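Below is one structure; the comments refer to it alone.
Whatever order the structure lists them in is the order used to number ligands and atoms, beginning at 1. Only a predicted model underlies this, so the values are computations on that prediction, with no experimental measurement involved.
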Amino acid sequence: MADEKRLVLAYSGGLDTSVAIPYLKERTGKDIVAVSLDVGQGGESLDTVHDRALACGAVESYIVDARDEFATEYCMPALAANAMYEGVYPLVSAISRPLITKHLVRAAHQFGADTIAHGCTGKGNDQVRFEVSIMSVDPELKAISPIRDLSLTRDVEIAYAQDHKLPIEQTEKSPYSIDQNVWGRAIETGYLEDPWNAPTKDVYSYTDDPAFPPVEDEVTIEFKQGVPVKIDGRDVTPLQAIEEMNRRAGAQGIGRIDIIEDRLVGIKSRELYEAPGAVALIAAHDELENMTLEREQHRIKRDLDKRWAELVYDAQWYSPAKRSIDAFIKETQRYVSGEIRMTLHGGRAVVTGRRSDSSLYDFNLATYDSGDSFDQHASNGFIEIYGLPSKVAAARDVKFGNGIEVAADKL
Ligand code: ARG
């Protein structure tokens, strides 16, 4: 008799998780509920994935079109935080895991499951993100990882699929491990594991070669409280904004990234990404903040943006620390409204204009022409007092013969 508590499996439709359905059923005696999300990854239709889950023996197949939710609740906070792990990676996979987890837990509650399984290996960040998110959302649930625990090879999986008559399409194995969604695409393994090997053209699919760009593309993005709401005067949802910028910045080869990255599990890995929309939107948003955030608030935000990206990379999406930083970032976005004009061309998104009703840029303070309202005499007293600690310390250095050397023969 089957265990009355079911098991929820994060199901992609691929070989690993298809084999996992009968395997987990045999091993645990539980009925399997397959959960699949559309986060804008493209590829197979979710109807096909749904049917395959059932054909592999799942009792239920739970399908969610989560594209708008992902764009609004996961990509937009990443944009507000200008989130770039190690300065360059816009957290493509890292932000999708907590959303997928939320739906896995929801399905577990709906279908009476006490265990969640995912198909991650034991060497990456994603296993940590799934499991830490699961325990953060529902600490009672158990998480298991059949691929990690069995270290299954592809040949063994195919033989198992044939034995169990699973409807697996025998496609040519891609040499890469790829994870993609509307925020971008991550490509790893294969010959890329030699960090001296340059990427070949076949790894890219969201971007065209920036060396041969079409004519330059000028775009104006309007933001309201940190969220893009119009592109070239047309209303857009967050999802539409990302999709349109993926298309336009992708055509110009913007957002290709090639780095050695520090994983949470301690391994340095070679990673390629392409995130044209994310990179262009972050450049635009960042520049609008330059114009609308007060200096100290902005300095603190830059530090916290970095911490936000590290926490999210490190599987802490649902943590108290990340939640507190979210509250700070949300408050900072109150005046991040206005327009950014950019030129997209040959791999670069360059801001060429900005304007905002809530700008802190004051022409009359900044100008060197007539109309100057800044009292330049006030700088005398400011510099005298601001420089005072340095002046006092320098006098002591001179007294002890440690003054800064300026004699020409010593330089
Ligand atoms: N290294 C990236 C991260 O940890 C991407 C992981 C992508 N996963 C994959 N199976 N290719 O966020």
Side-chain angles (χ1 to χ4, degrees), residues 9-20 36-37 39-44 70 74-75 77-78 81 83-101 117-133 145-148 151-154 157 173-193 195 199 202-207 255-276 278-279 282 306-319 322:
L9 169 69
Y11 182 63
S12 70
L15 179 64
D16 286 346
T17 53
S18 293
V19 166
S36 312
L37 270 74
V39 285
Q41 68 270 37
E44 287 190 312
F70 180 56
Y74 294 78
C75 302
M84 291 285 190
Y85 179 67
E86 292 179 346
V88 288
Y89 164 44
L91 299 178
V92 170
S93 305
I95 60 172
S96 75
R97 306 313 180 196
L99 168 67
I100 296 170
T101 300
H118 61 78
C120 300
T121 70
K123 295 181 75 169
N125 299 314
D126 288 329
Q127 51 171 344
V128 189
R129 294 176 184 141
F130 276 121
E131 293 181 36
V132 172
S133 297
S145 172
I147 309 299
R148 177 179 68 201
S151 306
L152 286 181
T153 62
R154 191 176 159 80
E157 287 180 350
K173 162 96 175 126
S174 157
Y176 314 114
S177 164
I178 294 171
D179 182 50
Q180 62 191 47
N181 59 52
V182 75
W183 200 234
R185 191 161 174 269
I187 310 111
E188 51 192 29
T189 73
Y191 77 94
L192 297 170
E193 284 176 354
D202 65 314
V203 305
Y204 298 111
S205 97
Y206 283 15
T207 53
R256 290 188 175 183
I257 299 145
D258 178 349
I259 55 162
I260 298 287
E261 169 180 303
D262 277 303
R263 284 191 188 163
L264 175 58
V265 295
I267 300 170
K268 278 193 189 291
S269 67
R270 201 283 183 85
E271 306 275 338
L272 291 184
Y273 302 103
E274 39 180 1
V279 165
I282 289 173
K306 181 166 167 283
R307 294 294 294 124
W308 191 97
E310 287 166 352
L311 287 168
V312 170
Y313 185 89
D314 288 349
Q316 299 287 326
W317 181 275
Y318 292 113
S319 69
K322 143 85 170 44

Put together the list of close N/O pairs, under 3.5 Å, between ligand 1 and the protein, could you?
| unit_1 | atom_1 | unit_2 | atom_2 | d |
| --- | --- | --- | --- | --- |
| ligand 1 | 1 (N) | E261 | OE2 | 2.9 |
| ligand 1 | 1 (N) | E271 | OE1 | 3.1 |
| ligand 1 | 1 (N) | E271 | OE2 | 3.3 |
| ligand 1 | 1 (N) | Y273 | OH | 3.1 |
| ligand 1 | 4 (O) | N125 | ND2 | 2.7 |
| ligand 1 | 4 (O) | R129 | NH1 | 3.1 |
| ligand 1 | 4 (O) | R129 | NH2 | 3.0 |
| ligand 1 | 8 (N) | D126 | OD2 | 3.3 |
| ligand 1 | 10 (N) | S177 | OG | 3.1 |
| ligand 1 | 11 (N) | S177 | O | 3.3 |
| ligand 1 | 11 (N) | S177 | OG | 3.1 |
| ligand 1 | 11 (N) | E188 | OE2 | 3.4 |
| ligand 1 | 12 (O) | Y89 | OH | 2.6 |
| ligand 1 | 12 (O) | R129 | NH1 | 2.9 |
| ligand 1 | 12 (O) | R129 | NH2 | 3.1 |

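Checked by atom type, the side-chain pair Y273/D258 shows no donor-acceptor distance below 3.5 Å. A donor-acceptor pair shorter than 3.5 Å can be found between the side chains of E274 and T207.
Y85 pairs by the ring-ring contact (aromatic ring centres under 6.0 Å, His included) definition with Y313, not counting sequence neighbours. Shown here are the side-chain contact (heavy atoms from CB on, under 4.5 Å) partners of A94, two or more places apart in sequence or in another chain: L91, R129, V312. With sequence neighbours left out, V88 forms a side-chain contact (heavy atoms from CB on, under 4.5 Å) with I257, I259.
The backbone N or O of A83 lies less than 3.5 Å from no partner atom in the side chain of W308, so there is not a single donor-acceptor pair.
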